[in-house]
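Encoded as structure tokens, the structure appears first; notes follow it.
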Amino acid sequence: MEISVVLADGSERKVPSGFTVSQLATMIGKKLGADSVAAKINGILRDLDTVLGNGDQVQIITRNSDQGREVLRHSTAHVLAQAVTDLWPNTHYAIGPSIADGFYYDFELPDGQHFSDDDLTRIEARMREIVREDQTFARSEYSISEGLDLFAGQPFKLEIIETVANQAAEPEEEDLNEGVEVGSISVYRNSSGFIDLCRGPHVSSTLMLGSFKLMRVAGAYWRGNERRPQLQRIYGTAWESDKALKEHLVRLEEAEKRDHRRIGLELDLFHFPPEIGGGLPVFHPKGALIRSIMEDYSKREHRKAGYEFAWTPHIAKSTLFEISGHLGWYKAGMYPPMEMEGATYYPKPMNCPMHILIYKSKGRSYKELPLRLFEFGTVYRFERSGVLHGLARVRGLTQDDSHIFCSPDQLASELSRLLRFILSMLKTFGLSEFEAELATRPEKSVGEDYEWEYATSALEYALKESGIAYTVANGEGAFYAPKIDVHLKDAIGRRWQVSTLQVDLQMPQRFDMEFVDSDNTRKRPYMIHRALFGSVERFFAILLEHYAGALPVWLSPVQVAVLPVRDDHGEYANDVVNELKRSDSRVDYMAADEPLGSRIRKAKIEKVPYILVVGDADVAGKTVGVNARGSNDPERGVPLAEFIKRISPELNGQPLGDIVD
RNA sequence: GCCCGGGUAGCUCAGUCGGUAGAGCAGCUCACUCGUAAUGAGCAGGUCAGGAGUUCAAAUCUCCUCUCGGGCUCCA
């Protein structure tokens, strides 16, 4: 008896009935057989030992594909759980999915024990034994009640099974995590007897695993809920080969070298004095210089784009935040209050209420709209100590914040103009890969449906106009506003959230804002909140990591270093310095009091874009030797005037041009 | 806030079995004046995060506090 299956390329293949996926793969090619870890049969992921049926569409999943790695990682997570339950009998094991680059597994050790870092070594050793034991993963299906018996004593597994059982009543719901087909569960059993609740698929033998490494132990709440028990999570990484694993570890090292906290220290840009308090950075001269270049540039472009500047204080009386509603719904994110002369003051967590007061300082006419207020506004937010992370997550941050007040019919064009402005500005900082997210009305929210629809469709219009790729995040909006969040990808592919753009449906009402329209009626303006960098501090961190500290010339605190070969070249070197200063560049003079090689090394470590070396030949010929960043091949005898001409386009950020409506 | 791991010179780190502290880099001084990523010598630098306890004796062992890192939750 033969059956026929359809392969991924559309070709048909006849195989004996009873043939498994694995046999098919080996029949197609020896290497494919060896590299296969699972298959998609009629669109569903299945194990290698699945018996093929007549007419099945089969796509073999190999270990070096994204889906193949997921299978490897998931299977490695099972081996981890098996190793832990071997070493700590009676451990409760919870869930162990594959994640980007690896996997984790959550455990609750008996008697309140906790893993230490040393345990990782022991666990990893046990895992390697299990791998060598050539244990098979065998799938079987059970009813809910059988499942409850099978996992008696495993509270987390029982909870998952119960969830599955409840979903049987509501078949609409997609099943979670490890639960399987509605109404029944599937279980994988290793040859040692270890069982785990799992949807699969898995590799057929532990011998197919091995290129893995346990990375760290962390705490994690059961089902992500901080009111549920805290489990011990072990993170690991796993790959299709030792080579791929090694490459991943090298990438991690590279990422670590780009860590903005490390670069900030090395380049003397900023630090976090414990005397000031967690999450409160101080910027050293070079860091402050970079910041001010960013801010000056931003201000210039905002002015050109029709923004007016505002300046507002850092604290305000509680009444302001009562009106704005912050004390109602954002209090947990605010610094504690201060009492003074019978009034209660709070550091501001956002700038919007103060900008609204500027709007409200007088009657507004439709002729003034859109009114675009802009401020580098420093706000203070209480972030729990565990979440602080360098400049990317701080307690005092400066937003490049703006609030735009416009009439309803201006909303769509204003949003679209704004989004183009944001993307152009991000591009001049050398960031070019963006994705946007349109976050729509959440369940818990205020306002009328028609308002939400109007605002959301205006946001969507702006997204379409700008051409940016976007996804819709249903129900992820703020409770008072739908929003667009712009994410960007940095040089090594990490995603960061930067800009945010929100249409506020609440504040104009809370503050009873209005304007007089052309028909002499009073109307309520629309209000857009928007931050472009997000926070200057975070954006600074992103730039440092994106460029690994080697900022573009226009942002570099020192753009050119001038090094005389000997002391007696100092006079000419000084002329060079002065000439460069006249061309508006930032120059450092490095006197010949230590060897040239040593000074060059220092300048290279400081990531100075251009190192100019001047010696006898240069004094004679009015030239410079140019050692550019990123090159180890210096150029000799470049006329000074030519060098200045060459770098002048790099000295200032590119203007955005007109952002027209 | 919670779980795990750290905190020794400005930075990176060593410090064995409990016996009062060590290196490299950076800094300072002197010499060297040099053509593209480390010239040499010398000097200085420490309440071993802080406090309490155990001990004849604590960087080292115990407890508490602070703080930093990795996660969870949260978020610009």
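Note on naming: letters A, B, ... go to the chains in the order of the sequence lines (proteins, then strands), and numbering restarts at 1 for each one.
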Work out how far the C1' atom of B/rC28 is from that of B/rC34, and round it to whole angstrom. 22 Å
Can you sort out the partners of A/T378 under side-chain hydrogen bond (donor to acceptor under 3.5 Å, both in side chains), two or more places apart, ordered by chain and number? A/T398
Answer with base, sugar-phosphate or nothing: what part of the nucleic acid does A/A603 contact at a heavy-atom distance below 4.0 Å? nothing
Here the distance between atom C1' of B/rA37 and atom CG of A/L563, to the nearest Å, is 12 Å
Please pick, from B/rU73, B/rA76, B/rU39, the nucleotide with the shortest atom-to-atom distance to any side-chain atom of A/S598. B/rU39
Looking only at the side chain of A/A617 (C-beta and beyond, no hydrogens), which of the listed nucleotides B/rA37, B/rA76, B/rG35 gets closest? B/rG35
Minimum heavy-atom separation for A/V553 to A/R629, with atom names? N-NH2, 4.4 Å
With P as the reference atom in both, quote the distance from B/rC63 to B/rU54 in angstrom, rounded to an integer. 15 Å
Partner lookup for B/rA49, please. Criteria are Watson-Crick or G-U wobble with both distances under 3.5 angstrom; report none if nothing qualifies. B/rU65
Where do N or O atoms of nucleotides 40-43 of chain B meet protein N or O atoms at under 3.5 Å, pair by pair?
none

Atom of A/F382, atom of A/A332 and distance for their closest heavy-atom approach: CD2-O, 3.5 Å
When we call it a touch if two heavy atoms are under 4.0 Å apart, what does A/D618 touch: a base, just sugar-phosphate, or nothing? base
Nearest whole Å is fine: how far is B/rC4 P from A/Y105 OH? 21 Å
Only pairs under 3.5 Å count here: list side-chain donor-acceptor contacts from residues 270-283 of chain A, not counting sequence neighbours, and write none if there are none.
residue, atom, partner, partner atom, Å
A/H271, ND1, A/H284, NE2, 2.8

What's A/E383 touching, base or sugar-phosphate or nothing? Going by heavy atoms closer than 4.0 Å. base
Hey, what are the protein-to-nucleotides 32-34 of chain B N/O distances that come in under 3.5 Å?
residue, atom, partner, partner atom, Å
B/rU33, O2, A/D567, N, 3.2
B/rU33, O2, A/A592, O, 3.3
B/rU33, N3, A/D567, OD2, 3.1
B/rU33, N3, A/A592, O, 3.1
B/rU33, O4, A/D567, OD2, 3.2
B/rC34, OP2, A/R566, NE, 3.3
B/rC34, OP2, A/R566, NH1, 3.3

Could you tell me whether A/Q497 contacts a base, only the sugar-phosphate backbone, or nothing, with contacts defined as non-hydrogen atoms closer than 4.0 Å? sugar-phosphate
Any sub-3.5 Å donor-acceptor pair from A/H546's side-chain atoms to A/A491's backbone N or O? yes
How close or far is atom P of B/rC11 from atom CD1 of A/I263, stated in whole angstroms? 18 Å
Provide the Watson-Crick or G-U wobble partner of B/rG19, both distances under 3.5 Å; none if there is no partner. B/rC56
For nucleotides B/rA9 and B/rA44, find the distance between their C1' atoms and express it as a whole number of Å. 11 Å
In whole Å, what is the span from the CG atom of A/L488 to the P atom of B/rA76? 15 Å
Looking at residues at least two apart in the chain, or sitting in another chain, which of them share a ring-ring contact (aromatic ring centres under 6.0 Å, His included) with A/F309? A/F374
Using the six-membered ring of A/W88, assess whether NZ or CZ of A/R122 lies under 6.0 Å from its centre and within 45 degrees of the ring axis. yes
Once you apply a heavy-atom cut-off of 4.0 Å, does A/Y104 come out as touching a base, just sugar-phosphate, or nothing? nothing
Counting any heavy atom closer than 4.0 Å, what does A/G278 reach on the DNA or RNA strands: base, sugar-phosphate only, or nothing? sugar-phosphate
Sorted by chain and residue number, the side-chain hydrogen bond (donor to acceptor under 3.5 Å, both in side chains) partners of A/N627 (sequence neighbours excluded) come out as A/K604
Distance, rounded to the nearest Å, where A/Q230 contributes CD and B/rC4 contributes P: 8 Å
Regarding the side chain of A/V217, the nearest nucleotide among B/rU36, B/rA76, B/rC4 is B/rC4
Nucleotide nearest A/N627 when distance is taken to its side chain, options B/rC72, B/rA76, B/rU36: B/rU36
For A/G224, report the nucleic acid contact type (base, sugar-phosphate, nothing); a contact means any heavy atom under 4.0 Å. sugar-phosphate
B/rG24 -> Watson-Crick or G-U wobble partner, both distances under 3.5 Å, gives B/rC11
Upstream residue (5' side of RNA chain B) when A/L265 and A/G625 are each assigned their closest nucleotide: A/L265
Which part of the nucleic acid does A/D633 contact within heavy-atom distance under 4.0 Å: base, sugar-phosphate only, or nothing? nothing
Using modelled atom types and a 3.5 Å cut-off, is there a donor and acceptor pairing between side-chain atoms of A/H260 and backbone atoms of A/G390? no
Would you classify A/G615 as touching base, sugar-phosphate or nothing, given that sugar-phosphate means primed atoms plus P, OP1 and OP2, and contacts are heavy atoms under 4.0 Å? base
Quick one: label A/V394 by what it contacts on the DNA or RNA (base, sugar-phosphate, nothing), any heavy atom closer than 4.0 Å. base
What distance, rounded to whole Å, do you find between the two P atoms, one in B/rC64 and one in B/rC3? 12 Å
Does A/Y105 reach the side chain of A/P97, with side-chain heavy atoms less than 4.5 Å apart? no
Using a cut-off of 4.0 Å on non-hydrogen atoms, how would the nucleic acid contact of A/R216 be classed: base, sugar-phosphate, or nothing? sugar-phosphate
Base, sugar-phosphate, or nothing for A/L231, non-hydrogen atoms under 4.0 angstrom? nothing
Mind checking A/F539 for me? I need base, sugar-phosphate or nothing, with any heavy atom below 4.0 Å counting as a touch. nothing
I want to verify a distance call: between B/rA37, B/rG1, B/rG35, whose nearest atom is closest to the A/S385 side chain? B/rG1
Comparing A/T500 with A/Q232, nearest RNA chain B nucleotide closer to 5' gives the residue A/Q232
If you check every side-chain atom of A/R601, which of B/rC4, B/rU73, B/rA37 has the closest atom? B/rA37
Counting any heavy atom closer than 4.0 Å, what does A/G534 reach on the DNA or RNA strands: base, sugar-phosphate only, or nothing? sugar-phosphate
Distance between the P atoms of B/rA59 and B/rU16, in whole angstroms? 12 Å
Gap in Å between the two P atoms, one belonging to B/rC11 and one to B/rC48, rounded: 16 Å
A/A218 side chain: which of B/rU73, B/rG70, B/rA76 is closest? B/rG70
